[in-house]
Amino acid sequence: MRYAMAIDTRKCVGCSDCVIACQTENNVPLGYCRDWITETVDGSYPNVEIELRSERCNHCDNSPCVRCCPTGASHIVEGGVVLVEHGLCIGCGACIQSCPYDARYSHPEGWVDKCTFCNHRVTKGEKPACVSVCPTKCMYFGDLDDPDSEISNALKNRKHKVLAPEAGTKPHIFYLI
Amino acid sequence: MKEELFISGRDIPNTDPFLHIWHWQIPIYLYLGGLAAGILFFASLFTILGREKEMPTTVKWGPFLVPGALVLGLFMLFLDLKHQMYFWRLYMTVRFESPMSWGAWVLMFITPLSFVWVASYLRELIPSWNWKYKWLWTVEGWVIKNRMVMAWVIIFLAVILGIYTGILLSAFNARPLWNNSILGPLFLVSGMSTGVAAVMWMSKSHEERKILSRIDLLLILIELFFITHMIMGALAGSQVMIQAASLFLGGEFTVSFWVFVIVLGLLFPATLEILELFGYKIPVAIPAFLILLGGLVFRFIMVEAGQITRYLY
């Protein structure tokens with residue numbers, strides 16, 4: 001089993017519903033967020049192209065945050081989901097430095113926090129909060145190892161990319177372009 | 001084509017707009033670690049070479065700075081932890097993939113050893129010193145008998161400690177300025193140079209100072225070579241590497257780097273040391289102080305600048 005997410009950059013309107021859903025679902029402290037919207041603008045008017053992306057932890061296969069963690073607090077569970085064990089985290093910040101996506105932050109309570117792929121929902125068979133609320137249905141989530149899953153089909157039918165592939169992290173958030 | 005990037009809905013403390021998760025404590029910790037490694041390296045080196053008599057400050061007095069430096073350094077590291085009450089978790093596991101883990105373990109061994117090293121010279125240097133308990137006399141005798149073994153262990157650990165202060169940064173692929181293999185050796189040499197400068201400042205023997213000053217000159221030259229190497233390597237690298245190097249070549253760290261690190265911290269003290277070799281009388285405090293300051297500024301700049309470099313996408 002390998003969980004992954006795909007986001008259709010042509011359908012995303014950047015409404016930030018995924019951000020709010022995540023903050024509500026996961027009790028993210030005020031002023032913090034586990035996912036966010038990035039807008040890149042290429043060129044200038046009238047020849048301009050905009051790409052909207054909902055970004056979060058990429059749950060990398062070759063995750064630098066897990067490698068550099070001195071206590072083993074950052075770890076990978078079934079499905080390739082990268083999680084942080086609060087009771088093991090000393091808040092040294094090494095994983096925050098190591099993430100090419102700046103997806104981690106220091107929680108006000110001290111430990112390091114980030115997207116969990118809503119592991120508590122996914123293990124029950126539900127979809128992550130961000131995916132479930134998306135009003136344009138531009139997000140796909142599922143098991144890459146299952147060729148008939150929603151995500152496998154989305155990636156089969158569309159050209160896609162990952163962020164900073166040159167970082168060698170093998171990220172698992174895909175962007176349909 | 002011009003590309004602009006907007007990130008909306010995100011203003012996380014210490015992360016946006018630039019990453020700043022490591023504060024002033026970390027460069028001080030790296031500095032003190034390097035300084036301690038430098039002092040211990042030369043103390044054990046001259047013990048192994050059997051030149052204690054010639055180099056009393058290097059072998060005996062200099063190491064008195066080390067336990068304090070290491071304890072203060074570890075305290076700085078502790079201060080910058082965000083989940084402080086869980087710090088002991090660091091010592092519940094060994095993770096070789098994580099430089100911070102094995103660095104913490106090296107400190108765990110070298111800190112007590114530095115206390116033992118200093119304690120073994122207490123009675124020789126302070127004639128009025130007396131151990132209160134009998135077993136301490138026995139331990140002292142055993143340590144003095146095995147000093148050579150201890151010197152070999154310490155020289156090995158000191159090199160690891162010195163390199164570790166650089167590898168701690170260079171292991172982060174996500175921070176292009178740090179992510180080069182020369183940073184470990186560079187921090188080691190820089191730490192050795194500050195260690196030698198500290199001992200040189202303490203030394204009262206003219207002969208010893210002369211030897212130390214020559215060692216220091218050599219270390220400075222190696223350091224300059226490594227820094228050149230680092231910048232050239234970055235300029236020959238990918239776009240993120242070039243952007244990282246540009247922080248020192250016209251970017252916001254240009255003045256602090258070239259003035260405080262290169263000129264005042266390396267070139268000027270090196271010139272003074274060369275002049276001294278030719279017989280000019282230069283007060284030792286000037287080059288020693290400049291080298292110590294340059295090393296500290298260098299670590300501050302590297303930690304600050306490294307955090308703002310990142311991948312572009």
Side-chain angles (χ1 to χ4, degrees), chain A residues 14 16 19-20 23 31-33 35-44 47 49-50 52-53 55 64-73 85-94 96-112 161-169, chain B residues 1-16 18-23 26 77-78 80-95 97-105 168-169 171-176 178-179 238-240 303 306-307 310-313:
Chain A
S16 292
V19 181
I20 307 292
Q23 288 166 329
Y32 293 76
C33 54
D35 56 352
W36 60 95
I37 305 290
T38 300
E39 181 181 338
T40 60
V41 179
D42 272 329
S44 53
N47 301 311
E49 192 176 308
I50 296 176
L52 288 158
R53 293 191 302 257
E55 292 185 8
C65 50
V66 172
R67 264 185 287 128
C68 75
C69 177
T71 64
E85 178 68 46
H86 301 169
L88 285 176
C89 177
I90 59 173
C92 68
I96 299 179
Q97 298 285 12
S98 79
C99 179
Y101 310 102
D102 285 343
R104 288 170 167 249
Y105 62 87
S106 179
H107 191 280
E109 279 174 39
W111 33 273
V112 170
K161 66 171 183 183
V162 292
L163 299 180
E166 66 275 20
T169 51
Chain B
M1 201 184 319
K2 200 174 150 225
E3 181 165 292
E4 272 181 274
L5 193 85
F6 304 96
I7 297 177
S8 57
R10 214 179 87 153
D11 189 21
I12 299 174
N14 294 325
T15 305
D16 297 311
F18 294 111
L19 191 69
H20 196 249
I21 197 73
W22 284 353
H23 304 94
I26 299 296
L77 185 62
F78 174 75
D80 207 38
L81 292 182
K82 308 292 182 301
H83 214 202
Q84 282 164 338
M85 289 306 117
Y86 289 77
F87 77 94
W88 50 276
R89 285 289 185 187
L90 205 53
Y91 292 110
M92 300 303 282
T93 174
V94 185
R95 297 200 67 257
E97 273 187 317
S98 160
M100 198 180 277
S101 175
W102 55 257
W105 279 104
L168 182 68
L169 302 183
F172 295 126
N173 153 300
R175 311 291 147 209
W178 296 343
N179 191 217
S238 57
Q239 179 64 24
V240 289
V303 171
Q307 292 189 84
R310 54 163 296 164
Y311 271 91
L312 316 157
Y313 55 81

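- Using a 4.5 Å heavy-atom cutoff, the side chains of A/Q97 and B/L19 are in contact.
- A distance of 13.5 Å separates SG in A/C92 from CZ in B/F78, rounded to the nearest 0.5 Å.
- Here the shortest heavy-atom pairing between A/Y32 and B/P13 reads OH-CG, 3.4 Å.
- Chain A forms more heavy-atom pairs under 4.5 Å with one residue of B/W102, B/Y86, B/W22, B/F87 than with any other, namely B/W22.
- If you measure heavy-atom distances from B/M92 to chain A, you find no contacts under 4.5 Å at all.
- With contacts defined as side-chain heavy-atom distances shorter than 4.5 Å, the pair B/S98/A/P70 qualifies.
- Side-chain contact between B/S238 and A/E166 is absent, with no heavy-atom pair separated by less than 4.5 Å.
- Proximity of a side-chain donor or acceptor of B/R89 to a complementary backbone N or O of A/G87 within less than 3.5 Å is detected.
- Highest contact tally toward chain A, considering only B/N14, B/V94, B/V240, B/T15, is held by B/T15 [criterion: heavy-atom pairs under 4.5 Å].
- Looking at A/C99, only its backbone comes within 4.5 Å of chain B, counting heavy atoms on both sides.
- Annotation: maximal heavy-atom pairing with chain B below 4.5 Å, among A/P64, A/G168, A/P108, A/G31, occurs at A/G31.
- The shortest heavy-atom contact between B/R310 and A/P100 is NH2-O, 3.7 Å.
- Heavy atoms closer than 4.5 Å to chain A are found in the backbone of B/L312, but not in its side chain.
- Here the CG-OG distance, from B/N179 to A/S98, works out to 11.0 Å after rounding to the nearest 0.5 Å.
- With sequence neighbours excluded, the residues forming a side-chain contact (heavy atoms from CB on, under 4.5 Å) with A/S106 are A/I96, B/I21, B/K82, listed by chain and number.
- Considering only heavy-atom pairs separated by less than 4.5 Å from chain A, the leading option among B/Q307, B/E97, B/R95 is B/R95.
- For B/D80, the side chain to side chain donor-acceptor pair (under 3.5 Å) partners are B/H23, not counting sequence neighbours.
- The distance from atom CG of B/D16 to atom SG of A/C33, rounded to the nearest 0.5 Å, is 7.5 Å.
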